[in-house]
Amino acid sequence: VSSDGGGGGVERAGKRARLLESSSSPTFHVTKSRLQDARQECCPYLDMVDRKSLNFDFAKFCSVTLSPQNVYCCLTCGKFFTGKSTSSPAYTHSVSTSHYVFMALDKKLLGRVFVLPDNYEVVDRSLDDIRAALNPTYTPQAVASLDAKTAWARALDGADYLPGLVGLNNLAMAAGGASATQQRKANQKAPGSTDYLNVIAQLLVRAQPLRDYFLLQREADAVHASAPSAQAADTQNRVLLVQRFSELCRKAWHPTAFKGHVSPHEFLQAVQHASNRAFNADEQGDPQAFLAWLLDAMHLGLTAGKRKKASVITRCFQGELDVRDASAGESAEDASKAAEAAAAATTTTKFLMLGLDLPDTPLHLDAKSGATIIPQVPLSTLLQKYNGSTVHESLRSGSKTYRITKLPRYLVLNIKRFLKNNFFFEKNRTLVTFPLEIDLRDILPLSHLSADEPTRYRLVANVCHDGEPSGGTYKAHILRPSDEKWYEVHDLRVSEVMHQMVGLSESYVQLWERL
């Protein structure tokens, strides 16, 4: 019997030998079924479990064969192996390293623990925390109390973290197996490659109905009820995307995690497959483009590709606009005909996000200091685009006016900072000033809405960009409802900030919650 470098391996082997000897001794007359029950309840190898080495954030593939089928995790070293048979990598690993305890990662046996090479199941409540780390679950009562909890949690490694506001690993910067020089070159080529994905994940879980929906795993019922028996490849990819986002959300809110951060590795893999690698870790993506695609993809994944069917995405973020051709009715002879032509040229469209256009950046310097002046513009000025009378000129769509006819529960605003064409890539550094709470009735003419319809919103998430347009980093400012404090989240770093600092950032995407 091999030893683990000390007396531990020999002692565990002795326990195993004594247990087998007692089972074959004629003095005890122990039946096979009773011996199995004794092994299940009193496994002598549970002291081999090392929770600090466990990490369930990565793809569940065998480390030897790369097979995703019938995978088990060694609870001693944290490596993944497939199978339990005598010729399987898991069996070979248990014999060669004296690591005997394995947890099933396959859906059919998820969370069940087995001892190899003896091949019997262990039933022990002391392993429930590992099952919870593998597949966190929540009750409706626990979900309802999330926003009332102000206490920090402590991970197994001693790190303090806020459930629901954990750091997300930047996968491009955490690439394993590369030297320091290779990582430095990779970061110079694609700085902050997955920070665009991290900030959007942080933003989306601020929508309480969306968060509760995935924490309670209601997406499983929606997918099972709406999906056909034989799914197309793109539908399967969208369904997998929904499942991976649900897992990411449940791990981020887990109050007894083994570590104070989450690696969105499986979520990124699902994004790459569903988007045909339009969004990946090789280059930094655009958070606004990623958010628009993600909302649409998850909506189609929840509705089996039926775009007009309602989902939790549309219930949270969908509003309606009246779009009118501003040139319609200009050549009419009287006002009545002009009004008829304008009505005929008006169409109602649904939206999940509103785009706001920044004014052009002035090219003058400060007379005293000689520094470039950074202009400022109020958010209320940018929202006048949707007052129904301001004409918006576009080479693609012509002259249009926009009027909001239905407000969503969560209003997503995209401040268009970047201008990219075949010749250059520019960033508009204009600061957008805004209060943390607004009433749209004070900004837009909303007399067509009922008097009792709420129009007050508060800011709950703000994504900003720092640095040059062809690089830089994306950060998220998040409001924690339980203590009404603001936190800045940049990949793994989570720190408290003053609310005044939120308004001084170069905002790019904002999430407003209706009060």
Side-chain angles (χ1 to χ4, degrees), residues 56-57 60 105-108 110-111 128 131-149 163-166 168 200-229 231-232 234-257 262 264 266-267 269-271 273-274 291 293-319 350 352 408-410 412 460-461 481-482 511 513-514:
F56 299 117
D57 291 344
K60 311 303 188 291
L105 306 181
D106 193 69
K107 289 184 178 180
K108 295 181 180 180
L110 186 66
D128 287 350
R131 297 187 183 94
L134 171 63
N135 183 34
T137 57
Y138 301 82
T139 63
Q141 294 77 13
V143 171
S145 62
L146 285 178
D147 290 333
K149 295 181 178 179
L165 202 55
V166 298
L168 298 179
I200 293 304
Q202 296 282 6
L203 178 142
L204 281 181
V205 295
R206 303 310 127 193
Q208 181 182 343
L210 184 74
R211 178 202 69 186
D212 296 351
Y213 183 86
F214 287 110
L215 289 183
L216 296 174
Q217 302 185 61
R218 292 173 179 166
E219 81 284 350
D221 298 331
V223 169
H224 178 74
S226 59
S229 57
Q231 298 175 338
D234 56 347
T235 304
Q236 292 178 352
N237 289 336
R238 294 186 189 118
V239 170
L240 181 62
L241 175 68
V242 171
Q243 294 172 347
R244 293 294 180 255
F245 182 81
S246 174
E247 293 173 3
L248 178 64
C249 184
R250 287 185 282 121
K251 289 180 179 179
W253 285 90
H254 190 35
T256 58
V262 177
E266 290 188 290
F267 177 58
Q269 284 188 325
V271 167
H273 286 101
L291 176 59
W293 172 85
L294 181 61
L295 292 177
D296 183 68
M298 288 203 300
H299 170 67
L300 294 177
L302 290 168
T303 60
K306 300 176 182 178
R307 192 174 297 276
K308 294 184 179 181
K309 187 176 179 180
S311 70
V312 65
I313 302 296
T314 58
R315 289 193 294 270
C316 286
F317 304 106
Q318 190 176 86
K350 298 178 180 180
L352 298 176
R409 182 169 180 177
Y410 287 87
V412 182
V460 294
S482 58
L511 179 67
E513 179 185 35
R514 187 165 61 185

*Asks:* Which residues satisfy the side-chain hydrogen bond (donor to acceptor under 3.5 Å, both in side chains) test with S145, sequence neighbours excluded?
*Replies:* none
*Asks:* Which residues satisfy the side-chain contact (heavy atoms from CB on, under 4.5 Å) test with K350, sequence neighbours excluded?
*Replies:* Q318, E320
*Asks:* What pair of heavy atoms forms the shortest contact from G301 to V239, and how long is it?
*Replies:*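 That closest heavy-atom pairing would be O-CG2, 3.8 Å.
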*Asks:* I want to check something: taking the side chain as every heavy atom from C-beta on, are L241 and L294 in contact at a cut-off of under 4.5 Å?
*Replies:* yes
*Asks:* Using modelled atom types and a 3.5 Å cut-off, is there a donor and acceptor pairing between side-chain atoms of K251 and backbone atoms of F56?
*Replies:* yes
*Asks:* Nearest 0.5 Å, please: how far is SG in C249 from OH in Y213?
*Replies:*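 Going from OH on Y213 over to SG on C249, the span is 12.5 Å.
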*Asks:* Find out whether L300 and D234 are in side-chain contact, i.e. whether some heavy atom of one side chain is under 4.5 Å from a heavy atom of the other.
*Replies:*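 L300 does not reach D234 side chain to side chain.
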*Asks:* Tell me, please, which residues at least two apart from Y410 pass ring-ring contact (aromatic ring centres under 6.0 Å, His included).
*Replies:*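 ring-ring contact (aromatic ring centres under 6.0 Å, His included) list for Y410, sorted by chain: empty.
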*Asks:* Mind checking side-chain hydrogen bond (donor to acceptor under 3.5 Å, both in side chains) for S246 and listing every partner two or more places apart, or none if nothing turns up?
*Replies:* E219, R250
*Asks:* With E266, which residues qualify under salt bridge (Lys or Arg N to Asp or Glu O under 4.0 Å), at least two apart?
*Replies:*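 With neighbours one apart ignored, the set is K60, R244.
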*Asks:* Flag the pair V205 / F245 as yes when at least one side-chain heavy-atom distance between them is below 4.5 Å, and no otherwise.
*Replies:* yes
*Asks:* For L295 and I313, work out which heavy atoms get closest and say how close.
*Replies:* O-CG2, 3.7 Å
*Asks:* Which residues pass the salt bridge (Lys or Arg N to Asp or Glu O under 4.0 Å) test with R131, not counting sequence neighbours?
*Replies:* D128
*Asks:* Quick one: pull up CG in L248 and CZ in F214 and give me the separation to the nearest 0.5 Å.
*Replies:*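 Rounded to the nearest 0.5 Å, the CG-CZ separation comes out at 10.5 Å.
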*Asks:* Apply side-chain contact (heavy atoms from CB on, under 4.5 Å) to D106 and list each qualifying residue two or more places apart in sequence or on a separate chain.
*Replies:*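 Only K108 meet the side-chain contact (heavy atoms from CB on, under 4.5 Å) criterion with D106.
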*Asks:* Specify the closest pair of heavy atoms between A148 and S482, including all atoms of both residues, with the distance to one decimal.
*Replies:*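 Closest approach of A148 to S482, heavy atoms only: C-CB, 4.1 Å.
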*Asks:* List the atom of A297, the atom of R238, and the distance in Å for their closest heavy-atom pair.
*Replies:*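 Looks like O-CD, 3.7 Å.
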*Asks:* Please report the interatomic distance CD(Q217) to CD(E247), rounded to the nearest 0.5 Å.
*Replies:* 8.5 Å
*Asks:* Sequence neighbours left out, what pairs pass salt bridge (charged side-chain N to carboxylate O under 4.0 Å, His left out) with at least one residue falling in residues 202-212?
*Replies:* D147-R211
*Asks:* Could you check whether any side-chain heavy atom of L511 comes within less than 4.5 Å of a side-chain heavy atom of F317, counting everything from C-beta outward?
*Replies:* yes
*Asks:* Does some side-chain heavy atom of P163 sit less than 4.5 Å from a side-chain heavy atom of K149?
*Replies:* no
*Asks:* Measure the CG-CD1 distance between L291 and I200 for me, rounded to the nearest 0.5 Å.
*Replies:*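 It is 4.5 Å, given to the nearest 0.5 Å.
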*Asks:* How many angstroms lie between atom CG of L210 and atom CG of L215, to the nearest 0.5 angstrom?
*Replies:*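 Going from the CG atom of L210 to the CG atom of L215 covers 9.5 Å.
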*Asks:* Could I get the full list of side-chain contact (heavy atoms from CB on, under 4.5 Å) partners for H273, not counting sequence neighbours?
*Replies:*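 side-chain contact (heavy atoms from CB on, under 4.5 Å) check on H273 returns N237.
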*Asks:* Considering residues at least two apart in sequence or located in another chain, which fulfil the side-chain contact (heavy atoms from CB on, under 4.5 Å) criterion with V166?
*Replies:*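 Only Y161, A252, V262 meet the side-chain contact (heavy atoms from CB on, under 4.5 Å) criterion with V166.
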*Asks:* Going from CG on L352 to CG on D296, what distance comes out if it is rounded to the nearest 0.5 angstrom?
*Replies:*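 Spacing of CG (L352) from CG (D296) equals 7.5 Å.
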*Asks:* Nearest heavy-atom pair of H299 and A310: which atoms, and what distance?
*Replies:*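 That would be CE1-C, 4.4 Å.
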*Asks:* What's the shortest heavy-atom distance between A201 and L168, and which atoms?
*Replies:*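 Taking A201 first and L168 second, the nearest heavy atoms are CB-CD1, 4.0 Å.
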